[in-house]
Amino acid sequence: MSMIDDEGVSNQSDNEHFEDVLNARLSRRGFLTGGMATAAAVSLGGVEALLKAVPASAQEIDQEATRGRLSLGFESVPVSSDDTVVVPNGYTAEVLIAWGDPVSNGPAFKQDASNTAAEQARQWGMHNDGLVYFPVVGSQRGLIVQNNEYTDDGLLFPDGVNNWTQEKTNKSLNAHGVSIIEVTKRTGFPWDWRRRRGKWDVVRPSPFARRITGMTPINIGGPAAGDPRFVTSEDPTGTRVLGTLNNCAMGYTPWGTYLACEENFNGYFRKNGTQTALERRYGITAAGFGYLWHTTDKRFRTDEEPNEPNRFGWVVEIDPFRPNSTPVKRTALGRIKHEGAWVQEARNGRVVVYMGDDERNEYIYRYVSNLPWKQARFQGINPLDDGILYVAKFHADGTGEWLPLTPDNPRLAGWSLNDILINTRGAADAAGATMMDRPEWIDTFPNDLTAIATLTNNNRRGSNPPSVNNPDGSTASGSARPPVDAANPRAINNYGHIIRWYYRQDWTEPTFGWDLFALCGDPANSLHGSTIVGDKYGSPDGIYVDPSGLIWIQTDVSTSTINTGAYAGFGNNQMLAAHPETRETRRFLVGPPQCEITGVFMTPDRRTMFVGIQHPGERPDDLPGDPLNPKQFSSWPDGPDGGRPRSSLIVVTKNDGGIIGS
């Protein structure tokens, strides 16, 4: 997302860094043959049974049935700049729901964007991102929960950002957040081929359909709840906040809840006075990202409400099966620009949560619950409220360690737990973590004790003049230029890379081994230094290990860079599949112009894939869209009859009803 992905709030600390570029650690450990677990299809009857439904990969399946049979069974699609979604021969991609469509029995989208704020609160939000499919009846019926990251206010209204009012602020807030829909696969009639192969529809009305927006009341939970730094004029308790903003990637829990992750929340706030150290560290500035909410809502005027920004930057837990439940911000997971919260159950039942902080020179984090999750819940403890937060340090010899972010860490002497949780970035600076090249999505291979993460890019890595972080955790907003190191081995890293780490016995071990899965770029161009085996790509963002173990990689080349400059010849953003052992990579999908491909999830039977298409037609200059020429760069998905491009969730199926990727 070009408007707010990397706006220059970068680290400057003098943490230890590796001075020499090591050869990429591309030797393959013979363990990646398993994949994410998946639940068997279960028909549930009644509300009580429905409430017990769990995500597709929260239970184990027989991995022996798939070992040794992984393959990429489709022909690569070519690079494309067309205003459409391209998928391989034998596949079909259809729009399931788009921005402004009702999530249940709400109002229809008006192509001139004249829907009101109240109507938007009942419609699919703008710029959808990370998603999860929660089975209700296996692979036939379920709930989809998807983040709505941000808005293009130039396209959100008939006259764009002109004549700004409180109504416009409310609509923009209501287009943010999270959208929940119920979906089903129609069976139809034997002679109807379209129905026979299964067409997915949104269930309307649905008792589970719901919008959680920038105006929805949300509780603050965990150790930091009630901290004085959360207190505002409207919330003297420091335990209740309105809304969740800029939700990017996601996670889900074994107990069937969804984790929305607040990323670039700082851009909605304006601070005209002198910044505090905490505000500098998180990028609260006078300019923001250009949003005008502060003109009508004092919450976003930091000079008047200095604690309001502290109430954002959290992981938000949502129960999709209880539509009247209140979401909760889980402070034990730390306050960063969260790029996902991927949950992995350890062998002893404790949960491990992996999180990236998506900005240049930020860090990779891990949270480990103190108790097995079932035991914690039996005792009335949320497993995400009671645990230890860690940050990663990668060593040059291919090992790494998790540094505890706790008051008893000698490097954090004088820090309280709440200090650490509210200024997690500063605590990680002080702990001596490894600055990474924009940590993005993280996924796991459960049976192989292996995690994999995307690092999108960092064009300042290894440039001059060198600058690094302040070890006292007081890093100021700036343009850090750390030297290259083993885990980030390329200077001016325009194309990004993918890293893996693994354990010997269990996910809770304090140390790990690591290697690089791929250095991105064009493998046919020696100047890129790419190690891709197959089709070129850059700026990896979303990553998803499907139930068979194949790796799906989504790209987020910024709109100012798509198919130009360093990315000339790469075409529109894309999604690729990679074999975990051979690293063979094939391009599976290409989106329309100016979009980002973000969010992907399969049904348990792997015969349906849900994919997010975000911000098609976005301007390359990061300005709001032109309401007088809204289709200047794209008219997808509605084409000539549409009034403006719309972010959408699409369904990809194989025409013969087969398994995706086979």
Side-chain angles (χ1 to χ4, degrees), residues 2 5 23-26 28 71-89 91 437-438 440-441 452-459 461 488-500 515-545 550-598 600 611 613-614 620 652 661:
S2 62
D5 264 345
N23 291 329
R25 294 178 48 81
L26 293 172
R28 189 71 183 98
S71 63
L72 301 177
F74 62 91
E75 294 297 323
S76 295
V77 299
V79 168
S80 171
S81 297
D82 294 341
D83 196 15
T84 188
V85 173
V86 180
V87 291
N89 291 331
Y91 286 83
D437 289 351
R438 284 187 61 194
E440 293 271 2
W441 294 45
I452 188 166
T454 52
L455 301 168
T456 289
N457 53 49
N458 186 352
N459 61 7
R461 170 75 64 175
N488 304 274
R490 289 192 294 185
I492 318 299
N493 185 10
N494 288 320
Y495 302 105
H497 57 289
I498 299 175
I499 195 169
R500 301 178 301 209
D515 64 9
L516 297 178
F517 181 76
L519 298 176
C520 303
D522 185 352
N525 187 333
S526 61
L527 297 178
H528 290 188
S530 173
T531 60
I532 291 172
V533 180
D535 293 334
K536 63 185 176 184
Y537 65 93
S539 294
D541 191 329
I543 195 162
Y544 172 62
V545 180
L550 286 179
I551 304 167
W552 297 85
I553 302 162
Q554 300 177 313
T555 69
D556 180 20
V557 181
S558 69
T559 51
S560 62
T561 311
I562 288 176
N563 213 23
T564 188
Y567 280 88
F570 281 71
N572 297 340
N573 274 308
Q574 57 190 283
M575 182 170 73
L576 309 96
H579 194 288
E581 293 178 301
T582 66
R583 297 188 295 118
E584 179 188 1
T585 303
R586 296 185 186 180
R587 187 178 300 106
F588 179 81
L589 178 151
V590 182
Q594 304 301 104
C595 84
E596 172 187 350
I597 310 298
T598 182
V600 55
V611 181
I613 308 295
Q614 190 190 85
V652 179

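Residue numbers run from 1 in the order of the sequence given.
Using a 4.5 Å cut-off on side-chain heavy atoms (C-beta onward), His579 and Ser71 make no contact. Looking at heavy atoms from C-beta onward, Gln614 lies out of side-chain contact with Asp556 at the 4.5 angstrom threshold. Annotation: side chain of Arg438 is not in contact with side chain of Asn458 (no heavy-atom distance under 4.5 Å). Thr84 is not listed as a side-chain neighbour of Pro592, based on a closest heavy-atom distance of 4.5 Å or more. When side chains are defined from C-beta on, Thr531 does not count as touching Leu516, because their heavy atoms never get closer than 4.5 Å. You'll find the side chain of Ile562 stays beyond 4.5 Å of the side chain of Pro593, heavy atoms only. Using a 4.5 Å heavy-atom cutoff, the side chains of Val77 and Val590 are in contact.
Heavy-atom minimum distance, Val611 versus Met575: CG2-CE, 3.9 Å. The minimum heavy-atom distance between Gly571 and Ser81, with the atom names listed, is CA-OG, 4.1 Å. Closest non-hydrogen pair, Gly521 versus Pro523, comes out as O-CD, 3.4 Å.
The distance from atom OH of Tyr544 to atom CG of Leu550, rounded to the nearest 0.5 Å, is 10.5 Å. The OG1 atom of Thr561 sits 8.5 Å away from atom CG of Asn457, with the distance rounded to the nearest 0.5 Å. Considering CD1 of Ile553 and CD of Glu440, their distance stands at 13.0 Å, rounded to 0.5 Å. How far OG of Ser539 is from CG of Asn494: 8.0 Å, rounded to the nearest 0.5 Å. Here NE2 of His528 is found 12.5 Å from CG of Leu519. Values are rounded to the nearest 0.5 Å. Atom CD1 of residue Ile551 and atom OG1 of residue Thr585 lie 8.0 Å apart, to the nearest 0.5 angstrom.
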Let me see the working for Thr456 and Asp541 under side chain to side chain donor-acceptor pair (under 3.5 Å), right down to the final yes or no.
-> CA-CA 6 Å; Thr456 289; Asp541 191 329; 4.7 Å; no
List the steps, then state whether side-chain contact (heavy atoms from CB on, under 4.5 Å) holds for Val533 with Thr582.
-> CA-CA 8 Å; Val533 180; Thr582 66; over 6 Å; no
For the pair Asn573 and Thr555, evaluate side chain to side chain donor-acceptor pair (under 3.5 Å) and give the outcome as yes or no after the intermediate values.
-> CA-CA 6 Å; Asn573 274 308; Thr555 69; 2.8 Å; yes
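Aromatic ring centroids of Tyr495 and Tyr537 lie 6.0 Å or more apart.
The closest donor-acceptor contact from the side chain of Ser80 to the backbone of Asp82 lies under 3.5 Å. Between the side chain of Arg490 and the backbone N or O of Arg461 there is no donor-acceptor pair closer than 3.5 Å. In this structure, the side chain of Asp437 does not engage the main chain of Leu455 through any donor-acceptor pair within 3.5 Å. Side-chain atoms of Asn563 come within 3.5 Å of backbone atoms of Gly569 as a donor-acceptor pair (strictly under, hydrogens ignored).
Ion pairing between a basic and an acidic side chain is recognised when a charged N comes within 4.0 Å of a carboxylate O; Asp535 and Arg586 show no such pairing.
Partner Gln554 forms a side chain to side chain contact (heavy atoms under 4.5 Å, CB included) with one of Leu589, Ile597, Thr454 and no other, that one being Ile597. The side chain to side chain contact (heavy atoms under 4.5 Å, CB included) test with His497 singles out one residue from Ser530, Pro540, Pro489, and that residue is Pro489.
Aromatic ring orientation, Phe74 versus Trp552: parallel (interplanar angle below 30°, classes split at 30° and 60°).
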